[in-house]
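One structure is given here, and the rest of the page talks about it.
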There are 2 protein chains.
Amino acid sequence: MDIQTTNALRLLQAGDELRAKLSGEFSAIHGISVNEYFLLLHLEKSARNRLARVELAKRMHVSASTVTRMAAPLEKIGLLGREVDERDARLSYVVLTKAGKTKLIEAQATFTKRAGYTFQDRWTEEELSKLSELLGRLVAGTAGNLT
Amino acid sequence: MDIQTTNALRLLQAGDELRAKLSGEFSAIHGISVNEYFLLLHLEKSARNRLARVELAKRMHVSASTVTRMAAPLEKIGLLGREVDERDARLSYVVLTKAGKTKLIEAQATFTKRAGYTFQDRWTEEELSKLSELLGRLVAGTAGNLT
DNA sequence: GCAATAAGCTTGCAGATGCAATGATATTGC
DNA sequence: GCAATATCATTGCATCTGCAAGCTTATTGC
């Protein structure tokens, strides 16, 4: 197996494992899923804390219908709002509310804690920095880079 | 944001993006999903090309019921077989068949091609090697390391 | 201007997945 | 040996997701 294939496999496996661990913690502690956390995070990183649904779908690698259905309950509990575009009545923005920001901050603590566990053993600053640089290159081209 | 959190975010985002690209190719070309590909891969890496369902579930980070339901159609089309344990009648092994191996080899070509695209631009051998080492550490402790 | 096309969002439907309950078999405590 | 407990696999149910169709609104071609 060539090294590129090895890297692709390890990337997917490492990501899956981290996601699995986060998944339990997020639903138990915060009542939102990892995907919902990412949705909030994308909005927080965006101008005016809002994004058109199509754009959000692209950044999250999900379909437009999934965005519609993910946003509905979050809007219901006040974490998200809805805005319309003045010039284009087709566009419907998803907006992060103040309550949404609060929830996001809480969830970020859990995320950071889990990240700490993941890299706590025998990782030097230099290694963390090198990994960040290499992974950074992989996500550099994407529209929805959260880092 | 600390560097550990940055790395965790980038790991998840890079994994998601690669998975999204693989997803379309796999279903279109081979008629199996990325998850089904991983199922075949886990079996191929195992002794006697077989695993108990519970063990397969752990390695894939899915529930036991998902293994039952993923294996059923693959068994129906002949990619997987079923074996029982002589000593423990509760155990039901999932076995990779010859047709399954053939399908796996086909799918591996697609995976390797996508891995090549992912790392084709300005990645030196040294960088690929370093990334492999760092990601390797993340997946080292897991029971189902595919590399 | 108006018809044709495109784009954004939502909804119906089908497939995938997890949790909890169930049934079958093993193991343990006594 | 037998009852209590644990383990493995499956199934019912609820949830999440994508695709295709449909509705609304913009844009384009003429």
Side-chain angles (χ1 to χ4, degrees), chain A residues 16-17 19-28 30-40 43 46 50-77 80-95 143, chain B residues 16-17 19-28 30-40 42-43 50-77 80-95 143:
Chain A
D16 278 355
E17 193 182 348
R19 180 178 294 269
K21 286 175 180 162
L22 284 167
S23 181
E25 296 173 359
F26 267 77
S27 60
H30 304 293
I32 62 174
S33 69
V34 177
N35 271 0
E36 287 170 333
Y37 169 69
F38 270 78
L39 190 155
L40 300 181
L43 294 176
S46 299
R50 70 175 203 178
L51 281 173
R53 284 151 195 275
V54 165
E55 181 59 26
L56 190 51
K58 276 182 200 154
R59 297 191 184 190
M60 295 186 66
H61 300 298
V62 299
S63 67
S65 53
T66 295
V67 170
T68 294
R69 287 167 168 136
M70 280 184 74
L74 296 174
E75 191 178 334
K76 197 152 194 172
I77 62 178
L80 299 181
R82 177 183 291 252
E83 288 179 10
V84 293
D85 191 292
E86 296 176 351
R87 302 183 182 175
D88 189 339
R90 293 173 304 182
L91 270 68
S92 162
Y93 294 97
V94 183
V95 194
Chain B
D16 278 355
E17 193 183 348
R19 181 177 292 269
K21 286 175 180 162
L22 284 167
S23 180
E25 297 173 358
F26 267 77
S27 60
H30 304 293
I32 61 174
S33 70
V34 177
N35 272 0
E36 288 170 332
Y37 169 68
F38 270 78
L39 190 156
L40 299 182
H42 275 288
L43 294 176
R50 71 176 204 178
L51 282 172
R53 284 152 196 274
V54 164
E55 181 59 26
L56 190 51
K58 275 182 201 154
R59 298 191 183 189
M60 295 186 69
H61 300 297
V62 298
S63 67
S65 52
T66 296
V67 170
T68 294
R69 285 164 169 137
M70 281 185 73
L74 295 175
E75 191 179 332
K76 195 153 194 170
I77 62 178
L80 299 181
R82 177 183 289 252
E83 288 179 11
V84 293
D85 191 292
E86 297 177 351
R87 302 184 183 175
D88 190 337
R90 293 173 305 181
L91 270 68
S92 162
Y93 293 97
V94 183
V95 193

Sorted by chain and residue number, the side-chain hydrogen bond (donor to acceptor under 3.5 Å, both in side chains) partners of A:Arg19 (sequence neighbours excluded) come out as A:Asn35, B:Asp16
Min and max contacting nt of DNA chain C in 5' to 3' order, chain B heavy atoms within under 4.0 angstrom, are C:dT17 to C:dA26
N-O pairing of B:Arg90 and B:Asp88 below 4.0 Å:
yes
Is there a side-chain contact between B:Phe26 and B:Ile32 (heavy atoms, below 4.5 Å)?
yes
Name all residues meeting the side-chain hydrogen bond (donor to acceptor under 3.5 Å, both in side chains) criterion together with B:Lys58; count only those two or more places apart in sequence or in a different chain, and write none if there are none.
none
I need the CZ-P distance between A:Arg53 and D:dT24, as an integer number of Å.
17 Å
Residues from residues 57-69 of chain B sitting under 4.0 Å of DNA chain C, heavy atoms only?
B:His61, B:Val62, B:Ser63, B:Ser65, B:Thr66, B:Arg69
Quickly work out the A:Arg90 CZ to D:dC23 C1' distance and round it to whole Å.
13 Å
Going by atom types alone, do B:Thr66 and B:Ser63 pair a side-chain donor with an acceptor below 3.5 Å?
yes
Taking only the side-chain nitrogens and oxygens of B:Arg82, find out if one of them lies under 4.0 Å from OP1 or OP2 of D:dT10.
yes
Axis-to-axis angle across the helix from C:dG1-D:dC30 to C:dC30-D:dG1, five pairs an end, to 10 degrees?
30°
Please report, rounded to the nearest Å, how far the P atom of D:dA6 is from the CG atom of B:Leu91.
18 Å
What I'd like to find out is whether the side chain of B:His42 reaches to under 4.5 Å of the side chain of B:Leu56, using heavy atoms alone.
yes
Is there a donor-acceptor pair closer than 3.5 Å between any side-chain N or O of A:Glu36 and the backbone N or O of A:Ser33?
yes
Just the rounded figure in Å: distance from P of D:dT7 to CD of B:Glu55.
15 Å
Residue set satisfying side-chain hydrogen bond (donor to acceptor under 3.5 Å, both in side chains) with A:His61, at least two apart, ordered chain then number -> none
